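Quick notes on the structure that follows.
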There are 2 protein chains.
Amino acid sequence: MTTVLVADDQPLQRLGFRMLLESQDDMTVLGEAANGTEAIRMTAELHPDVVLMDVRMPGLDGIEATRRITATGDRTRVLILTTFDLDEYAYSGLRAGASGFLVKDAQPEELLAGIRAVSTGDAVVAPSLTRRLLDAYVHHLPAKTPTDGPEPTPLDARLTALTDREREILTVIGKGWTNTEIAARLHLAESTVKTHVGRVLAKTGSRDRIQAVILAYDTGLVRPS
Amino acid sequence: MTTVLVADDQPLQRLGFRMLLESQDDMTVLGEAANGTEAIRMTAELHPDVVLMDVRMPGLDGIEATRRITATGDRTRVLILTTFDLDEYAYSGLRAGASGFLVKDAQPEELLAGIRAVSTGDAVVAPSLTRRLLDAYVHHLPAKTPTDGPEPTPLDARLTALTDREREILTVIGKGWTNTEIAARLHLAESTVKTHVGRVLAKTGSRDRIQAVILAYDTGLVRPS
DNA sequence: AGCGATGTCGTACCCGGGTACTACGGTGGC
DNA sequence: GCCACCGTAGTACCCGGGTACGACATCGCT
């Protein structure tokens with residue numbers, strides 16, 4: 001059963017979503033939020049699998065709400081919806097940690113498929129956006145461009161939020177050390193290690209140390225031996 | 001009207017495919033096969049335009065069935081489906097004469113588009129595979145004419161001790177999947193997953209799945225995303 | 001026909017990992 | 001002087017991971 005929180009300032013729109021989702025026997029709507037602040041509070045309270053997040057809302061908008069929700073390291077995934085396929089929303093939304101970005105005029109089936117996808121950890125992007133998103137992405141990727149070479153460590157944005165100590169912890173996590181080993185070799189109490197690890201997971205949006213290991217490799221913080 | 005034969009050992013999966021295909025007014029399902037042998041027999045009998053072929057089936061598997069079907073010189077095209085984007089399957093599948101190779105968790109639209117494509121003689125490959133497939137191809141281009149060397153196994157010695165299934169398990173461990181997720185996506189009991197994981201750890205000399213993740217990355221079994 | 005390898009599923013048990021708190025000393029900035 | 005941040009440490013609790021069994025079906029090989 002996928003639990004969903006609907007965040008949209010339009011009551012009628014919320015009702016539409018609720019009707020659609022409740023018609024599915026594998027989905028249930030935990031609640032409705034009318035703005036970003038409510039969405040954050042209700043997410044912390046109800047822990048839905050997925051938050052259906054409208055971009056335009058009075059007060060705290062959907063992008064900022066997404067950023068704060070994903071920053072908690074909670075298991076909740078955010079699927080952003082907007083009326084228009086404006087690029088800047090998509091970019092900032094996905095950078096804010098959203099698992100997906102769809103346009104509101106999509107087919108109901110697309111929306112449902114999108115919710116199911118993000119609930120299992122996958123990501124979805126509206127087809128109308130995919131191409132432009134990919135273009136922008138690959139424009140940032142290539143190491144084979146002869147122009148700019150001085151990029152040894154383009155670390156993931158998620159790593160910049162870490163303190164030095166936390167990055168150190170992430171490094172040894174990436175080496176496969178257990179909490180006990182970390183405590184022994186760094187002359188710390190195991191409880192302290194747990195505190196650090198917990199903060200690293202929260203800040204990087206990793207659900208467990210395995211995800212953190214993968215992140216360490218993907219960002220190059222730890223290199224294959 | 002495109003006629004399709006569905007070959008998959010999972011009744012539920014077959015039902016899903018049938019529902020999807022029958023909902024299209026330009027497609028119809030001629031029949032369902034639960035293993036490779038049945039698929040071959042029913043293909044010879046019904047002459048479908050396309051066979052939707054699962055890789056993993058009891059008895060004769062999808063790859064071998066594909067080989068025998070395409071060897072008949074019949075007009076029937078084979079579109080291979082698998083749960084994972086495992087390279088060896090793709091290689092051997094396409095070498096077996098398949099017209100396409102898609103992953104099961106693709107969007108229904110992708111699947112439908114794929115069926116229509118192969119029915120008209122085109123070929124389709126899952127986006128997640130395209131890159132590696134191209135890499136492999138260009139790697140085969142320079143001066144090498146390998147007739148018997150389809151197995152690029154520079155893998156760590158510890159990996160050779162694993163069975164195919166166990167290597168699959170290690171791959172998804174490397175992707176950070178939990179046992180519960182593995183069970184769900186591979187249609188296995190969690191106890192079975194635990195058994196596999198335990199054997200993988202024992203054979204690779206890993207004390208826990210974190211070490212296994214590291215091994216998967218170090219050997220290149222899983223590549224940084 | 002028998003046998004080993006492989007894949008599947010189950011139960012029972014223990015332990016490390018992760019969370020949710022609280023707490024306190026040091027340090028640097030304003 | 002105060003406060004935000006950081007690093008340290010503790011307790012209590014729950015759950016997923018890993019281990020150790022046993023069991024059964026299929027398949028390939030001899």
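The chains referred to below are lettered A, B, ... by the order of the sequence lines, with proteins before strands, and numbering in each begins at 1. The structure displayed is predicted, hence computed values, not measured ones.
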Inspect the contact between A:Lys194 and A:Glu190 and indicate whether a charged nitrogen and a carboxylate oxygen are less than 4.0 angstrom apart. no
What is the distance from CZ of B:Arg207 to C1' of C:dG16, rounded to the nearest Å? 11 Å
Look at A:Asp26 together with A:Arg116 and state whether they make a salt bridge at an N to O cut-off of under 4.0 Å. yes
The answer to which of A:Asp164 and A:Lys194 contacts DNA chain D further toward the 5' end, by nearest nucleotide, is A:Asp164
Heavy-atom nearest pair, A:Thr28 first then A:Glu22, reads OG1-OE2, 3.7 Å
Within this structure, what is the CD-to-C1' distance between A:Glu168 and D:dC6, rounded to whole angstrom? 14 Å
Do A:Leu5 and A:Val50 have side chains that get closer than 4.5 Å, going by heavy atoms? no
Smallest separation among heavy atoms of A:Gly174 and A:Ala216, with atom names: CA-CB, 4.2 Å
Report yes if at least one side-chain N or O of B:Asn179 is closer than 4.0 Å to OP1 or OP2 of D:dG17; otherwise report no. yes
In whole angstrom, what separates B:Ile169's CD1 from D:dG17's C1'? 14 Å
Rounded to whole Å, please give me the gap between CD1 in B:Ile210 and C1' in D:dG16. 11 Å
Closest approach to the side chain of B:Glu166, judged atom by atom: which nucleotide of C:dG7, C:dT11, D:dG17 is it? C:dG7
Looking only at C:dG10, C:dG18, D:dG17, the nucleotide nearest the B:Ala189 side chain is C:dG10
Heavy atoms of A:Leu215 and A:Ser206 approach each other most closely as CD2-OG, 4.4 Å
Please state how far atom CZ in B:Arg167 lies from atom P in C:dT6, giving the value in whole angstrom units. 11 Å
Taking only the side-chain heavy atoms of B:Arg209 (C-beta and beyond), determine which of C:dG7, D:dG17, C:dG10 contains the nearest atom. D:dG17
Is there a side-chain polar atom (N or O) of B:Arg165 under 4.0 Å from OP1 or OP2 of C:dT8? yes
CD of B:Gln211 versus P of C:dG16: gap in Å, rounded? 15 Å
For A:Ala7 and A:Ala39, work out which heavy atoms get closest and say how close. CB-CB, 3.9 Å
Polar atom pairs between nucleotides 3-5 of chain C and protein, under 3.5 Å, N or O only, would you list them?
none

Side chains of B:Asp49 and B:Ser119: is there a donor and an acceptor less than 3.5 Å apart? no
Inspect the surroundings of CZ in A:Arg185 and state if more than 12 heavy atoms from other residues, nucleotides or ligands are less than 6.0 Å away. yes
Grab the CD-P distance between B:Glu190 and D:dG16 for me, whole Å please. 8 Å
With A:Glu168 via salt bridge (Lys or Arg N to Asp or Glu O under 4.0 Å) - residues at least two apart: A:Arg165
Would you say D:dA9 has OP1 or OP2 under 4.0 Å from some side-chain N or O of A:Thr192? yes
Contacts under 3.5 Å, N or O only, protein and nucleotides 21-30 of chain C:
none

Nearest whole angstrom, please: distance from the P of D:dC15 to the NE2 of A:His47. 13 Å
Under 4.0 Å between a side-chain N/O of B:His196 and OP1 or OP2 of C:dG7, yes or no? no
